[in-house]
Colleague: 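Mind having a look at this structure? Questions to follow.
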Amino acid sequence: MPLSSLSLLPFHRAPLPPTSNYPPPPPPSRALLLPLLRHSPLSRRGGVSRSPASRARAVPADGMAAAAAETPPTLLEYMGQAGAADDLVVLVAHVQSACKRIAALVASPGNAELSRGKAGGGVAVAAGRDAPKPLDELSNEIILSSLRRSGKVAVMASEENDLPIWVSNDGPYVVVTDPLDGSRNIEVSIPTGTIFGIYNRLVELDHLPEEERAQLNSLQSGTHLVASGYVLYSSATIFCISFGAGTHGFTLDHLTGEFVLTHPSIQIPPRGQIYSVNDARYFDWPEGLRKYIDTIRQGKGQHPKKYSARYVCSLVADFHRTLIYGGVAMNPRDHLRLVYEANPLSFLAEQAGGRGSDGKNRILSIQPVKLHQRLPLFLGGMEDMLELESYGDVQQKVNPGYEV
């Protein structure tokens, strides 16, 4: 759908409509192929057991129209129907374009060599940052280039830059991002991801020097997020996003090159049966966290079932599983970054009925003071999270300096 054809109201003034009200996209063949997606509404009505060609012969003309009417929308179509602001639609269009390029990059034959290399010639990085790799820096450049072309971004703050970058004096938005989370796992084909958050630019700061206003725009609390999301690069490429009215997942259809709605209005189960954490650090944990984990895996907690451990050591992958299946994903030590990891993911968790916490406080209520500020992070279903926090002493203070 051309962006120029959208006539949209400010997003917060319009409720999200049910997915069945979306207008059908024009190509009938797309309507017949999309049901092959596992989670599409059509596949849930009985699936597809024949080839697309045989299905096309079997569907009468009126049936094709009905199928097209039920075709899930693309990401941009969804935003248009939801009444998103024009500027935000343009920005998200450029973000999704960058993420498609990153998805191709991480799947390319040369990515393992890039993931092993050292970027920046061994130059020292700012406190709180991880040493970047060429693949991280290339992903960062892809996103920065797309944001510049959008014309809608004033500031970009990234894990890969010591300081925020002032992009444009005219941009209405601020973007914070971890361009390629989990890049060290690429060599062994473990899922990776991109995380981002979008804020309104603080126009009241425009009188300040450029570096200062870039910094302050980037340090907004998570309660002011306009939108946030992640893109999971795995067996499927999934773009999960929230604009403050629910959390929704879109899967990249390689036949059309579009992200299509496959997970509308995601709700984290209040109770799951999975915890995700690096158990090898058990003896460095505080007593409260050890007691909580011991209790739930024996089935002696508030939920009378034994929990299983599932840990990928890729934040986006562990959170995505938690978002769909429930439970808790956590890193109890001061390791994950508040601005561009914890805040965007906590926003998504809350919009799906869950909770993001540092073990004591709601993540979104924490005021950032540094761009690369680190903290413990716990994400999950509401009942699981409240039980975890009830143990009190769950933040790991001992940090022996091991690699993650």
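Remember, it's a predicted structure, so these values are computed and weren't measured experimentally.
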Colleague: Ignoring hydrogens and angles, tell me if any N or O in the side chain of Tyr307 forms a donor-acceptor pair with the backbone of Gly272 under 3.5 Å.
Modeller: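 Judged by distance alone, yes, a pair lies under 3.5 Å.
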Colleague: Measure from the side-chain N and O atoms of Ser346 to the backbone N and O of Asn343, and report whether any donor-acceptor pair falls under 3.5 Å.
Modeller: no
Colleague: Is the side chain of Thr74 donor-acceptor paired with the backbone N or O of Val260 at a distance under 3.5 Å, no angle test?
Modeller: no
Colleague: Within a 6.0 Å radius of atom NZ on Lys360, are there more than 12 heavy atoms belonging to other residues, nucleotides or ligands?
Modeller: no
Colleague: Report the distance from atom CD1 of Ile195 to atom CG of Leu345, rounding to the nearest 0.5 Å.
Modeller: 4.5 Å
Colleague: Tell me, with the steps shown, if Val316 and Val231 meet side chain to side chain contact (heavy atoms under 4.5 Å, CB included).
Modeller: CA-CA 8 Å; Val316 171; Val231 181; over 6 Å; no
Colleague: Can you tell me which residue pairs pass the salt bridge (charged side-chain N to carboxylate O under 4.0 Å, His left out) test with a partner in residues 144-157, sequence neighbours excluded?
Modeller: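 Listed once each, the pairs are Asp87-Lys152.
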Colleague: Tell me, do Leu138 and Leu180 make a side-chain contact under 4.5 Å, heavy atoms counted?
Modeller: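 Counting from C-beta outward, Leu138 and Leu180 never come under 4.5 Å.
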Colleague: For Phe259 versus Thr237, what's the shortest heavy-atom pair and its separation?
Modeller: CE2-O, 3.7 Å
Colleague: If you look at every heavy atom in Pro191 and Val312, which pair is closest and at what distance?
Modeller: CD-CG1, 4.4 Å
Colleague: Using modelled atom types only, decide if a donor and an acceptor are shared between the side chain of Thr247 and the backbone of Ile266 within a distance under 3.5 Å.
Modeller: no
Colleague: Without hydrogens or angle criteria, can the side chains of Ser390 and Tyr292 be said to hold a donor-acceptor pair below 3.5 Å?
Modeller: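 Their side chains do not contain a donor-acceptor pair, so the 3.5 Å distance test is not met.
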Colleague: Taking all heavy atoms of Val328 and all of Met385, pick out the closest pair and write down the distance.
Modeller: CG1-SD, 4.0 Å
Colleague: Apply side chain to side chain contact (heavy atoms under 4.5 Å, CB included) to Lys306 and Arg297, showing your working.
Modeller: CA-CA 5 Å; Lys306 294 182 179 180; Arg297 63 186 176 190; 5.9 Å; no
Colleague: Which heavy atom of Gln302 sits nearest to which heavy atom of Glu387, and what is that distance?
Modeller: N-OE2, 3.0 Å
Colleague: Any chance you could lay out the side chain to side chain contact (heavy atoms under 4.5 Å, CB included) test for Val153 and Leu91, step after step, and finish with the verdict?
Modeller: CA-CA 8 Å; Val153 177; Leu91 172 54; 3.5 Å; yes
Colleague: Step by step, work out the side chain to side chain contact (heavy atoms under 4.5 Å, CB included) result for Leu88 and Tyr173.
Modeller: CA-CA 8 Å; Leu88 186 59; Tyr173 294 114; 3.5 Å; yes
Colleague: Keeping the roles fixed (side chain from Ser357, backbone from Gly359), state whether a donor-acceptor pair exists under 3.5 Å.
Modeller: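 Yes: the side chain of Ser357 pairs with the backbone of Gly359.
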Colleague: Mind checking the NZ-CD spacing from Lys100 to Gln96? Nearest 0.5 Å is all I need.
Modeller: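 If I round to the nearest 0.5 Å, the distance is 4.5 Å.
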Colleague: Strictly distance-based, threshold 3.5 Å: is any side-chain N or O of Asn185 a donor or acceptor partner for the main-chain N or O of Cys313?
Modeller: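 The answer is yes, because a donor-acceptor pair under 3.5 Å joins these two groups.
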Colleague: Between Phe378 and Pro332, is there a side-chain heavy-atom distance shorter than 4.5 Å?
Modeller: yes
Colleague: CD1 of Ile186 to CG of Leu135: how many Å apart, nearest 0.5 Å?
Modeller: 4.0 Å
Colleague: Under the criterion side-chain hydrogen bond (donor to acceptor under 3.5 Å, both in side chains), I'd like the reasoning laid out for Tyr199 against Ser218: C-alpha separation, chi angles, the key distance, then a yes or no.
Modeller: CA-CA 8 Å; Tyr199 294 92; Ser218 304; over 6 Å; no
Colleague: Parallel, tilted or perpendicular: which one describes the rings of Tyr78 and His248, with boundaries at 30° and 60°?
Modeller: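 Judged by the thresholds at 30° and 60°, the geometry between Tyr78 and His248 is tilted.
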Colleague: Mind jotting down which residue pairs meet the salt bridge (charged side-chain N to carboxylate O under 4.0 Å, His left out) criterion with at least one end in residues 204-214? Sequence neighbours excluded, please.
Modeller: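 Output for this query lists Arg201-Asp206.
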Colleague: Keeping Asp181 on the side-chain end and Leu315 on the backbone end, is there a donor-acceptor pair under 3.5 Å?
Modeller: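 Side chain of Asp181 to backbone of Leu315, a donor-acceptor pair under 3.5 Å: yes, one is there.
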Colleague: Donor-acceptor pair, Thr322 side chain versus Gly326 backbone, under 3.5 Å?
Modeller: no
Colleague: Could you tell me whether the side chain of Phe243 reaches within less than 4.5 Å of the side chain of Met79, counting heavy atoms only?
Modeller: yes
Colleague: Less than 4.5 Å apart, side chain to side chain, heavy atoms only: is that true for Lys305 and Arg271?
Modeller: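 No, their side chains stay 4.5 Å or more apart.
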Colleague: Would you compute the distance between atom CH2 of Trp285 and atom CG of Asp294 and round it to the nearest 0.5 angstrom?
Modeller: 8.5 Å
Colleague: Donor-acceptor pair, distance only, cut-off 3.5 Å: does the side chain of Asp358 make one with the backbone of Leu375?
Modeller: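 Checking the backbone N and O of Leu375 against the side chain of Asp358, no donor-acceptor pair under 3.5 Å is found.
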Colleague: Grab the two heavy atoms, one from Ser150 and one from Val90, that are nearest each other, plus how far apart they are.
Modeller: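 Ser150 and Val90 have their closest heavy atoms at O-CG1, 3.9 Å.
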Colleague: Output the distance between atom OG (Ser276) and atom CZ (Arg310), rounded to the nearest 0.5 Å.
Modeller: 10.0 Å
Colleague: List for me each residue that meets side chain to side chain contact (heavy atoms under 4.5 Å, CB included) alongside Ser189, sequence neighbours excluded, and say none if there are none.
Modeller: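 Side chain to side chain contact (heavy atoms under 4.5 Å, CB included) check on Ser189 returns nothing, list empty.
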Colleague: Would you check if the side chain of Gln220 reaches a backbone N or O of Asn217 as a donor-acceptor pair within less than 3.5 Å?
Modeller: yes
Colleague: Within the 4.5 Å heavy-atom criterion, are Ile241 and Phe196 side-chain neighbours or not?
Modeller: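 Contact flag for Ile241/Phe196 side chains = yes.
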Colleague: Salt bridge or not between Glu141 and Arg101? Use side-chain N to carboxylate O under 4.0 Å.
Modeller: no
Colleague: Measuring from atom CD of Gln215 to atom CG of Leu205, what distance do you get when rounded to the nearest 0.5 angstrom?
Modeller: 11.5 Å
